[in-house]
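Fair warning: this is a prediction, and the values are worked out from it, not measured in the lab. Residue numbers run from 1 in the order of the sequence given.
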Amino acid sequence: MKTIPGLTINESHYDLADNKKGTIAVFIFSGDGDPAKVLDYAVREYVESNGYHELIDANLDNPWMRVVMSDINDMRQASFDLDTHKLVKQ
């Protein structure tokens, strides 16, 4: 097993059309060294030659985390409803 000291990954999958699955991965680095270089390398190795979207911190003040998603264009879309669309369902 090849690991990078101080680097963790959290992966989850979501449903797409035609019984396919998309992936979201959160990389968190708490090791020594430049987090940007480590995370750039890890993301490049993780996605290989596959298309992906990388989300960044809106304040640009968290260089220790990267979020990568596949297949955003194939996700189910719906009109936003203030009453039903909530991060946490009641």
Report the distance from atom CE of Met69 to atom OH of Tyr14, rounding to the nearest 0.5 Å. 3.5 Å
So, taking the atom named OG in Ser70 and the one named NZ in Lys21, what distance separates them when rounded to the nearest 0.5 Å? 11.5 Å
To the nearest 0.5 Å, tell me how far Asn59 CG sits from Ile56 CD1. 10.0 Å
Is it the case that atom NZ in Lys2 sees more than 12 heavy atoms from other parts of the structure closer than 6.0 Å? no
I'd like to know whether the aromatic ring centres of Tyr46 and Tyr52 sit less than 6.0 Å apart in this structure. no
Test log, rule side chain to side chain contact (heavy atoms under 4.5 Å, CB included), inputs Phe27 and Val43: CA-CA 8 Å; Phe27 294 83; Val43 168; 4.0 Å; yes
Donor-acceptor contacts, no H, no angles, side chain residues 71-85, under 3.5 Å, sequence neighbours left out:
residue	atom	partner	partner atom	Å
Asp81	OD1	Asp83	N	2.8
His85	ND1	Asp81	N	2.8
His85	ND1	Asp81	O	3.4

Of the non-hydrogen atoms in Ala25 and Ile9, which two are nearest, and what is the gap between them? CB-CD1, 4.0 Å
Candidates Ile24, Val47, Val26, Leu55 - the one meeting side-chain contact (heavy atoms from CB on, under 4.5 Å) with Val68: Val47
Residues at least two apart in sequence or cross-chain that pass side-chain contact (heavy atoms from CB on, under 4.5 Å) with Asn19, listed by chain then number, are none
What closest approach, in Å, do Trp64 and Leu39 show between heavy atoms, and which atom pair accounts for it? C-CD1, 3.6 Å
Which value, rounded to the nearest 0.5 Å, describes the distance between Leu7 atom CG and Phe29 atom CZ? 7.0 Å
More than 12 heavy atoms from other groups under 6.0 Å of OH on Tyr41: no
Pairs in or reaching into residues 39-65: which pass salt bridge (charged side-chain N to carboxylate O under 4.0 Å, His left out), with residues at least two apart or in two chains? Asp40-Arg66, Glu54-Arg66
Between Pro63 and Pro35, which heavy-atom pair has the shortest distance, and what is it? O-CB, 3.4 Å
